[in-house]
There are 2 protein chains.
Amino acid sequence: MPITKVNENELLDRLTDVFRTYGYEGASLSKISEVTGLQRASLYHRFPGGKEDMAKAVLERAGQWLTGQVLAPLSEPGKPADRIRHMAKELHSFYAGGKHCCLLDSLSFGSDDSDIRQHVQQGMSEWVDKLAKVVREAGVSSKNARQHAQDAISHIQGTLVVARVMKDYGPFERMLSELPTTLLRKKS
Amino acid sequence: MPITKVNENELLDRLTDVFRTYGYEGASLSKISEVTGLQRASLYHRFPGGKEDMAKAVLERAGQWLTGQVLAPLSEPGKPADRIRHMAKELHSFYAGGKHCCLLDSLSFGSDDSDIRQHVQQGMSEWVDKLAKVVREAGVSSKNARQHAQDAISHIQGTLVVARVMKDYGPFERMLSELPTTLLRKKS
DNA sequence: TATTATTTACCGAACGTTCGGTATAAGTCA
DNA sequence: TGACTTATACCGAACGTTCGGTAAATAATA
């Protein structure tokens, strides 16, 4: 078979970049074609389902990344606070120090019942659940654990919004450094 | 002169709704026309600068609303904590309990140097400054005041993202109720 | 040769925008 | 008052462009 012009991983990297930056509607096929170096028709060869397939693939891979790289350190041996510090480090590189915004934000606009929206919701839902589980294992009560997980993710999303709008990455950095404390606080 | 089909305020209300929900690119003139009840050409009579003018007008009014309704209670007499509680109340209705997402989020996607983006940045910048000023007046050190203001706005944005994605308004409500504490904490 | 990746060329539909024109209200002046 | 002008609010139809998507042909590997 002929060689691919762009390999799967790099293709998804660039797609991620476009969807992150411009959102779903803003990510036109022209822009995608320009960024990936593939013509529209070639993109349809790679993603028969078109733009929606691309967005789903991007979300899928981001979810795997999150699970494997960010959430995994939480399940390894060591003191809970150390494990969370490890996660913070992974989050830092995942979001490029706040310079990359979150797909769960950029892809969550538009009509309520869109297919993409459901994927986004499921992604965030899994994130909350997995994070809450670990916090619970660290000795926080079940109810508080879920709240802390939600609050942490809220804070991540919020600092990323501020970073995007203001180009100020301070709040994101600060939030990461305070994660061990805020996430494991016994009483809210 | 003939009477208007939709008055200025209601028109801006509906425009706000569309931009909030769909973002700038997602808010097509067809959708706007449908929601406002005005034909495309009529919208250009009201907003000669087209879609961009509409978004700017919407941002402008939201900024005035924020200044007048949300930030104003912070400058009135009374205990700082009470004043912040008042602001929280106003924020609650401003964002409809978390069901309305923030224009500063939905309009902040797309190319970095767009005119809209600059308006959004200026809007959030003003918000941080005004909030920081009040926190400083309540006795918090200058540096901490700015950080607390940024953190509060981050948390607002974050809980709104979570609310939009998950349809869970708990984090937003919780965040508002904890605002007096978090905003006035002396040490971080 | 069979298969696969990519391309050129093209499609109908929707995009944001503009134009020509109509209906209504208010001001002007014989 | 009544005819005339001006200004406003709106609309239908079209503008050129871009949208997401497809069919047929070419190039390259196995």
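Since we're looking at a predicted model, the values are computed, not measured.
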Undergrad: With sequence neighbours excluded, what pairs up with Glu34(A) under the salt bridge (charged side-chain N to carboxylate O under 4.0 Å, His left out) test?
TA: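 Not a single residue meets the salt bridge (charged side-chain N to carboxylate O under 4.0 Å, His left out) criterion with Glu34(A).
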Undergrad: Out of Trp127(B), Phe172(B), Trp65(B), which one pairs with Phe94(B) under the ring pair (Phe, Tyr, Trp, His ring centres under 6.0 Å) rule?
TA: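 Going through Trp127(B), Phe172(B), Trp65(B) one by one, the ring pair (Phe, Tyr, Trp, His ring centres under 6.0 Å) with Phe94(B) is satisfied by Trp65(B) alone.
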Undergrad: Give one of base, sugar-phosphate or nothing for Ser42(A), where a contact means two heavy atoms less than 4.0 Å apart.
TA: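 Here Ser42(A) touches the bases of the nucleic acid.
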Undergrad: Could you state the OH-C1' distance from Tyr44(B) to dC15(C), rounded to the nearest angstrom?
TA: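 It works out to 10 Å between those atoms.
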Undergrad: To the nearest angstrom, how far is Glu8(A) atom CD from dT4(C) atom P?
TA: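 In whole Å, dT4(C) P lies 16 Å from Glu8(A) CD.
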Undergrad: Does a side-chain N or O of Lys51(B) approach OP1 or OP2 of dG16(C) to a distance below 4.0 Å, or not?
TA: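 For dG16(C), OP1 or OP2 has a side-chain N or O of Lys51(B) closer than 4.0 Å.
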Undergrad: Would you say a side-chain N or O of His45(A) is under 4.0 Å from OP1 or OP2 of dT6(C)?
TA: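 The answer is no; no side-chain N or O of His45(A) sits under 4.0 Å from OP1 or OP2.
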Undergrad: Between Asp53(B) and Lys56(B), is there a salt bridge with N-O shorter than 4.0 Å?
TA: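 Between Asp53(B) and Lys56(B) there is no salt bridge, as every charged N stays at least 4.0 Å from the carboxylate O atoms.
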Undergrad: Counting heavy atoms from C-beta on, name the nucleotide in dT22(D), dC11(D), dT17(C) closest to the side chain of Arg40(B).
TA: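 Taking heavy atoms from C-beta onward, the closest nucleotide is dT17(C).
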Undergrad: Using whole Å, what does the distance between atom P of nucleotide dA9(D) and atom CG of Leu38(B) come to?
TA: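 So the CG-P distance, Leu38(B) to dA9(D), works out to 11 Å.
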Undergrad: Scan residues 134-144 of chain B for pairs that pass salt bridge (Lys or Arg N to Asp or Glu O under 4.0 Å), counting only residues two or more places apart or in two chains.
TA: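 The answer is Lys133(B)-Glu137(B).
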Undergrad: When the ring planes of Phe19(A) and Tyr24(A) are compared, do they come out parallel, tilted or perpendicular, using 30° and 60° as the limits?
TA: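 Phe19(A) and Tyr24(A): parallel rings.
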Undergrad: Starting from the 5' end of DNA chain D, give me the residue, Gly37(B) or Ser30(A), whose nearest nucleotide shows up first.
TA: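 Nearer the 5' end of the strand: Gly37(B).
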Undergrad: Send over the distance from Leu43(B) CG to dT18(C) P, rounded to a whole Å.
TA: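 It is 13 Å, rounded to the nearest whole Å.
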Undergrad: Between Lys31(A) and dC19(D), does any side-chain N or O lie under 4.0 Å from OP1 or OP2?
TA: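 No, Lys31(A) has no side-chain N/O under 4.0 Å of OP1/OP2 on dC19(D).
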Undergrad: Over how many whole Å does the gap from Ile3(B) atom CD1 to dA26(C) atom P extend?
TA: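 Taking CD1 of Ile3(B) and P of dA26(C), I get 10 Å after rounding.
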Undergrad: Report the nucleotide, chosen from dT7(C), dC15(C), dT17(C), that has the shortest atom-to-atom distance to any side-chain atom of Leu29(B).
TA: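 Nearest to the side-chain atoms of Leu29(B), counting from C-beta on, is dT17(C).
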Undergrad: Would you kindly compare Ala41(A) and Tyr24(B) by the position of their nearest DNA chain C nucleotide and give the one closer to the 5′ end?
TA: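 It is Ala41(A) whose nearest nucleotide is closer to the 5' end.
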Undergrad: Is Thr4(A) close enough to dT4(C) that one of its side-chain N or O atoms is under 4.0 Å from OP1 or OP2 there?
TA: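 Thr4(A) to dT4(C) OP1/OP2: no side-chain N or O under 4.0 Å.
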Undergrad: Classify Arg46(A) by what it touches in the nucleic acid, base, sugar-phosphate, or nothing, heavy-atom distance under 4.0 Å.
TA: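 It contacts sugar-phosphate atoms only.
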Undergrad: Which one, dC15(C), dG20(D), dC11(D), comes nearest to the side chain of Gln39(B)?
TA: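 Closest nucleotide among those given: dC11(D).
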